[in-house]
Protein chains: 4
Amino acid sequence: MEKIKVAILGATGTVGQRFVQLLGNHVWFEISELVASDRSAGKPYHEAVNWKLDTEIPQKIKNLVVKPTSELKTLNSKIAFSGLDSTVAGEIELECAKLGLAVVSNASNYRMEKDVPLIIPEINSDHLSVLPFQQKKRGFKKGFIVTNSNCAMMFFTLVFGAIQTKFKITKAIVTTMQAISGAGYPGVASMDILGNVIPFIKGEADKVETEPQKILGKVVGNEIVSASFPISASVNRVPVFDGHLATVSFGLEEKTSVAKISTLLKNFVSLPQELKLPTAPNFPVVVREEADRPQPRLDLNVNQGMSAIVGKLQICPVLDFKMTVLGHNTIRGAAGAAILNAELLFKKGLI
Amino acid sequence: MEKIKVAILGATGTVGQRFVQLLGNHVWFEISELVASDRSAGKPYHEAVNWKLDTEIPQKIKNLVVKPTSELKTLNSKIAFSGLDSTVAGEIELECAKLGLAVVSNASNYRMEKDVPLIIPEINSDHLSVLPFQQKKRGFKKGFIVTNSNCAMMFFTLVFGAIQTKFKITKAIVTTMQAISGAGYPGVASMDILGNVIPFIKGEADKVETEPQKILGKVVGNEIVSASFPISASVNRVPVFDGHLATVSFGLEEKTSVAKISTLLKNFVSLPQELKLPTAPNFPVVVREEADRPQPRLDLNVNQGMSAIVGKLQICPVLDFKMTVLGHNTIRGAAGAAILNAELLFKKGLI
Amino acid sequence: MEKIKVAILGATGTVGQRFVQLLGNHVWFEISELVASDRSAGKPYHEAVNWKLDTEIPQKIKNLVVKPTSELKTLNSKIAFSGLDSTVAGEIELECAKLGLAVVSNASNYRMEKDVPLIIPEINSDHLSVLPFQQKKRGFKKGFIVTNSNCAMMFFTLVFGAIQTKFKITKAIVTTMQAISGAGYPGVASMDILGNVIPFIKGEADKVETEPQKILGKVVGNEIVSASFPISASVNRVPVFDGHLATVSFGLEEKTSVAKISTLLKNFVSLPQELKLPTAPNFPVVVREEADRPQPRLDLNVNQGMSAIVGKLQICPVLDFKMTVLGHNTIRGAAGAAILNAELLFKKGLI
Amino acid sequence: MEKIKVAILGATGTVGQRFVQLLGNHVWFEISELVASDRSAGKPYHEAVNWKLDTEIPQKIKNLVVKPTSELKTLNSKIAFSGLDSTVAGEIELECAKLGLAVVSNASNYRMEKDVPLIIPEINSDHLSVLPFQQKKRGFKKGFIVTNSNCAMMFFTLVFGAIQTKFKITKAIVTTMQAISGAGYPGVASMDILGNVIPFIKGEADKVETEPQKILGKVVGNEIVSASFPISASVNRVPVFDGHLATVSFGLEEKTSVAKISTLLKNFVSLPQELKLPTAPNFPVVVREEADRPQPRLDLNVNQGMSAIVGKLQICPVLDFKMTVLGHNTIRGAAGAAILNAELLFKKGLI
């Protein structure tokens with residue numbers, strides 16, 4: 001099979017670098033083009049990028065010359081993976097979709113639009129059904145925009161999705177402890193976070209309180225309608241490099257037990273597993289029984305960073321249950337999520 | 001006025017060192033005796049202790065010779081401040097009380113006993129009324145045991161106490177992010193916490209879920225009866241040196257507004273302020289309005305570490321309100337709390 | 001005595017904040033004017049500044065309105081303390097000196113000029129004798145520029161100065177481990193330094209290898225001539241908030257012993273101590289005997305951060321002796337150094 | 001080929017865990033037996049160990065039952081990899097060698113003995129020639145003891161060995177910045193190292209100043225005679241998880257240039273590369289040209305942690321040259337080094 005050519009938008013940023021790392025050897029996709037700001041354009045990638053990952057830049061990408069965002073018309077890729085900053089993603093992604101590319105985006109700009117699927121493939125792949133209406137509405141001929149969610153709520157939402165195969169979530173209170181890599185580079189100043197916790201991330205609490213409902217919502221007519229249970233989020237930045245941790249208390253409509261939820265989560269598989277998507281983890285949710293897990297340092301790389309790790313599942317004396325959830329914010333929480341979305345789109349014949 | 005002689009039990013430990021630091025220049029109390037394990041006994045304090053604070057050992061304490069716990073009978077102090085580890089505190093504190101000392105303890109052993117006051121002086125000084133019954137029941141003639149609470153729940157409990165002057169707390173969900181100094185020395189291994197979060201502290205969640213109710217409870221007959229609203233706690237260790245942070249969602253029986261609670265907290269003063277106890281902060285609760293506060297690094301030393309710092313007070317879409325609370329775990333959360341308790345006891349003529 | 005009015009240039013930066021903190025209650029000087037970039041100008045200080053210190057902004061400074069650098073002519077202060085970034089310090093300091101102000105600068109721009117004193121008051125106050133020539137050469141009528149040194153070499157140079165009262169340094173090899181606050185704010189990105197060491201600080205190795213020789217040099221004619229012994233520096237950034245540590249091996253022309261050098265250092269006092277300058281430490285050099293000291297966390301605040309802390313003084317099998325030196329980089333290493341310089345200038349009648 | 005059975009002594013410790021991880025899939029060796037203290041004995045490995053690595057315990061090792069050190073006689077392995085603590089390694093390793101095992105040890109106990117090879121396979125494999133004399137002297141029939149060096153000096157000594165293929169080192173001044181994992185678990189208390197640097201590691205400076213000379217020494221008669229150039233070491237613990245960094249200034253007998261040394265290092269290969277030992281890196285020394293490298297976070301895993309990473313190679317104004325060297329302290333600096341030694345022994349027919 002000939003590999004599908006893909007472009008990476010925002011290729012020099014933190015998420016862009018993860019795209020380069022994860023797609024360096026992909027079985028279906030091949031990085032054909034790198035797009036970044038004018039400052040980087042015209043340079044070979046290894047000169048343009050301030051590479052921050054602890055693996056080498058893939059050999060065949062090193063000398064790929066970065067294209068400017070002003071030359072999107074010259075792109076000959078089928079998929080545009082977007083790791084763009086939200087300050088510029090809006091226009092660029094729109095232009096790419098108009099040019100006929102499948103835009104698979106990690107940016108927040110279109111996530112909450114009713115005609116734009118916000119996808120966790122294990123949970124709401126049916127939301128892709130709005131794409132024809134998106135194309136019609138926005139005048140895209142072949143292109144479209146599909147998004148993945150914010151890195152802080154993706155993991156508990158994936159768990160909620162698994163739980164909702166049998167039960168119904170009625171409310172949730174969430175406290176996040178998020179890694180610095182989530183803010184990109186240079187991102188968080190070391191003077192702010194070394195030996196400290198910052199109880200604030202701009203715009204984040206709002207995303208954590210609204211994106212899960214969209215993912216757990218339904219397609220009604222041609223639009224995605226969010227679920228309506230309330231979520232209360234308190235977000236914190238902690239001095240951890242990679243790995244977002246969250247404590248989550250939640251209510252269920254039905255009576256059940258910790259053991260039943262645990263079993264449900266451990267056995268949960270869904271479409272990406274059935275389709276054997278290359279980036280899909282064997283099990284999207286991993287349950288740990290130890291009292292002191294999950295921990296970012298020890299559990300981050302389980303299933304190559306593509307699973308949500310659940311621990312401390314127990315009765316909550318105020319709501320019904322509580323748990324602690326961990327996920328790799330720049331893999332399943334960003335670039336890896338987009339890649340899994342693209343794999344799903346490809347396997348479903350949408351690319 | 002001649003100063004009152006005090007002994008420090010567990011003088012070489014983390015809390016013991018804070019006692020030495022904070023009592024080095026106290027206006028009413030004078031460190032007369034230091035008690036520690038047999039390993040330290042017989043040595044001058046500066047040789048016995050592995051001093052971990054960033055101020056010098058007070059000059060007059062440096063050469064005080066440490067006494068062994070086997071010679072409690074020789075103590076001629078009126079007050080015994082206990083920074084003992086809970087593995088040994090039970091017996092030693094009991095013996096001291098029997099010997100006629102006022103035991104003002106930071107250890108957890110007797111905290112939940114119905115005849116032992118667990119005191120936050122701004123909130124439940126009336127619980128001291130059980131002391132005569134304690135003495136009777138346990139056969140103490142002059143001595144007694146008074147405790148202060150766990151460092152993780154003290155701060156939000158102080159805030160709850162202030163709120164309860166007008167409203168009634170009905171339930172609370174708490175996630176703590178606790179500093180390493182809370183575990184004493186050597187305590188948390190660096191390999192466990194550097195760049196990591198540990199979602200577990202032995203015995204801590206239970207304390208956070210039960211001690212607040214005792215403090216917010218009432219004396220009925222001769223015993224302290226705990227309040228009965230439910231608290232759900234998730235406790236975490238973070239790589240912060242000093243300063244416990246907690247996100248707290250809580251329900252109220254009454255309808256009210258963020259502004260009213262905020263005003264209530266800002267103006268809250270109580271007995272320690274009225275009595276002008278030397279260690280009492282001007283205001284026990286400090287409210288910050290900025291979205292990114294409180295932070296351990298910036299706010300820890302407000303009011304010499306004796307206040308609870310509240311920020312992010314806002315509506316909670318699930319319970320009624322939420323906030324983030326910070327406190328200095330080894331000052332107001334431990335040694336400073338005990339000293340304030342002792343000041344209260346002295347001013348009320350109980351010592 | 002009426003206090004002398006002083007202005008702070010770059011008042012919102014990291015060093016500027018330290019100036020505000022340390023001068024908030026100074027016995028001789030009074031902050032009269034705050035100068036910062038146009039972005040901050042016109043705002044009250046507490047709104048203009050992103051305050052990063054763990055004490056409150058001094059009450060009387062909070063509402064002082066920040067002046068822009070375009071209105072230096074309106075300054076009515078006698079002294080301008082400069083915490084300006086070197087990218088802008090050159091012109092602004094020059095203009096202030098022309099306007100008749102005593103510019104006491106922490107910026108590096110003029111440090112190595114032969115007519116500009118680079119002063120550690122304990123070591124080379126005689127270098128102030130070039131000021132009349134500076135004024136003549138540069139056309140200053142009343143104003144002048146005096147500088148303090150880089151934060152990384154100040155501490156071992158102070159120690160070298162003390163040693164040179166009896167012996168002669170012939171060479172030195174230095175490895176620094178420098179705190180993040182030395183890079184200002186936002187400065188070092190957390191993704192670069194959390195759990196890491198960076199063996200590079202732009203321009204720093206050069207300063208560490210040349211500034212000590214100027215300080216240890218002599219006035220010849222009207223110019224300062226640097227000493228000529230070689231220094232080799234390797235500079236590193238470490239995840240420490242405040243406090244630069246350095247290992248230093250050095251050769252001496254004379255034979256001597258560790259004990260003699262230690263005694264020399266412990267007893268060293270100089271002009272600032274004799275003149276009882278308000279910010280001068282009792283002893284400029286503190287010697288620790290313990291094998292595991294000095295440490296930033298434990299020793300940083302000795303003598304209010306105004307001393308160099310020496311430990312591990314011992315024979316070096318390659319050069320003659322070695323030691324580990326610690327200092328507070330934003331106090332004695334920056335703002336505190338400039339204040340001590342200004343106190344010296346005032347006491348000598350030069351202001 | 002049938003795999004060779006190996007035992008791991010001290011299998012539950014920090015180095016022992018690395019042995020388990022690295023030998024889990026070895027092409028020549030197969031973990032047959034795990035030995036640990038009485039506390040662990042009798043338990044399946046996954047219960048006995050407090051596993052601290054971020055990969056899973058190899059599946060086939062998980063349930064291997066740990067043997068006590070009192071039953072060494074029952075071992076049926078050919079090789080005993082020792083990750084024992086030096087407090088117990090002396091006797092146990094001796095007993096294993098007497099029992100006929102090839103003891104390949106990471107412990108320091110026998111390193112400096114003149115009849116015990118202290119081996120870096122790229123540098124001094126000829127030192128193995130003393131083994132027959134060791135056996136004779138100590139009454140071993142078939143067994144023997146071979147050691148690898150301390151983790152802090154291994155990397156610059158490997159570089160020195162490469163340089164000595166053409167030039168002669170005359171002296172060196174070294175400052176180390178060492179990771180916490182080097183102290184084992186629980187090892188360094190978090191209260192000591194979080195946001196701090198500790199200028200002391202027990203016994204370490206001495207090892208750094210003496211082990212390199214043994215490795216760079218010669219076999220004379222039946223004994224290894226150390227080289228005699230002086231090394232001066234200052235050792236520091238920094239808040240880094242894995243990865244020891246060192247600044248190294250060194251003198252050479254010959255005149256040469258940075259470029260020539262750089263080329264020499266880049267092209268250096270030796271016996272392990274020629275023999276294609278499975279764990280040998282393609283190039284034992286990797287040279288980085290960027291001013292800000294090597295860094296633990298970015299460069300630690302180059303060549304699976306088996307190379308020394310050199311950066312900042314330049315003229316030293318005091319000695320002749322200087323550089324910064326990084327290495328993975330628990331891979332090439334400990335377990336990986338021992339495994340490479342064992343591979344060499346096997347390939348040379350000594351096992």
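Model, not experiment: these values are computed from the prediction. We name chains A, B, ... by the order of the sequence lines, and we start the count at 1 in each one.
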_Stepwise side chain to side chain contact (heavy atoms under 4.5 Å, CB included) check, B/Met112 with B/Thr210_ = CA-CA 8 Å; B/Met112 295 305 291; B/Thr210 59; 3.9 Å; yes

*Is a side-chain donor or acceptor of B/Ser86 paired with a backbone partner of B/Asn109 at a separation under 3.5 angstrom?*
no

*Considering only heavy atoms, give the residues of residues 166-179 of chain A separated from chain B by less than 4.5 Å, sorted numerically, with 'none' for an empty result.*
A/Lys171, A/Ala172, A/Ile173, A/Thr175, A/Met177

*asked:* Among A/Val197, A/Asp192, A/Leu300, which residue has the highest count of heavy-atom pairs closer than 4.5 Å to chain B?
replied: A/Val197

*Please say which of B/Gln17, B/Gln21, B/Arg18 ends up in a side chain to side chain donor-acceptor pair (under 3.5 Å) with B/Thr330.*
B/Arg18

*Spacing of B/Trp51 atom CH2 and B/Tyr185 atom OH [to the nearest 0.5 Å]*: 14.5 Å

*Contacts of residues 243-265 of chain B with chain A (heavy atom under 4.5 Å)*: B/Leu245, B/Thr247, B/Ser249

_chain A interface, residue from B/Arg293, B/Arg297, B/Gln295 that has the most non-hydrogen pairs under 4.5 Å_ = B/Gln295

*Residue part contacting chain B, namely of A/Val238, when any heavy atom lies under 4.5 Å*: side chain

*Rounded to the nearest 0.5 Å, how far apart are CG of A/Asn236 and CZ of A/Phe200?*
11.5 Å

*Please answer whether the main-chain N or O of A/Gly305 pairs with a side-chain N or O of A/Asn303 as donor and acceptor at a distance below 3.5 Å.*
no

*May I ask you to name which of B/Pro296, B/Ser234, B/Pro199 has the most heavy-atom pairs under 4.5 Å with chain A?*
B/Pro199

_I'd like to verify something: which residue of A/Val240, A/Val318, A/Leu298 has the highest number of heavy-atom pairs under 4.5 Å with chain B?_
A/Val318

*If only atom types and distance count, is the side chain of A/Lys218 paired as donor or acceptor with the main-chain N or O of A/Ser226 below 3.5 Å?*
no

*To the nearest 0.5 angstrom, please state how far the CG atom of A/Leu326 sits from the CG atom of A/Asp299.*
6.5 Å

*Can we say B/Lys266 and B/Glu289 salt-bridge, meaning some charged N sits less than 4.0 Å from an Asp/Glu carboxylate O?*
yes

*chain A interface, residue from B/Cys316, B/Pro294, B/Ala233, B/Gly195 that has the most non-hydrogen pairs under 4.5 Å*: B/Gly195

*asked:* Counting only heavy atoms from other residues, nucleotides and ligands, does the tally under 6.0 Å from CD of B/Glu290 exceed 12?
replied: yes

_Quick check for you: to the nearest 0.5 Å, what is the distance between A/Ser307 atom OG and A/Ile331 atom CD1?_
11.0 Å

*Region of A/Asp242 that comes under 4.5 Å of a non-hydrogen atom in chain B*: neither

*Any ion pair linking B/Glu209 and A/Lys322 (charged N to carboxylate O, less than 4.0 Å)?*
yes

*Could you check which of B/Ile180, B/Ile231, B/Thr324 has the highest count of heavy-atom pairs closer than 4.5 Å to chain A?*
B/Ile231

*asked:* Please determine whether a side-chain nitrogen of the Lys or Arg among A/Asp292 and B/Arg237 lies less than 4.0 Å from a carboxylate oxygen of the Asp or Glu.
replied: no

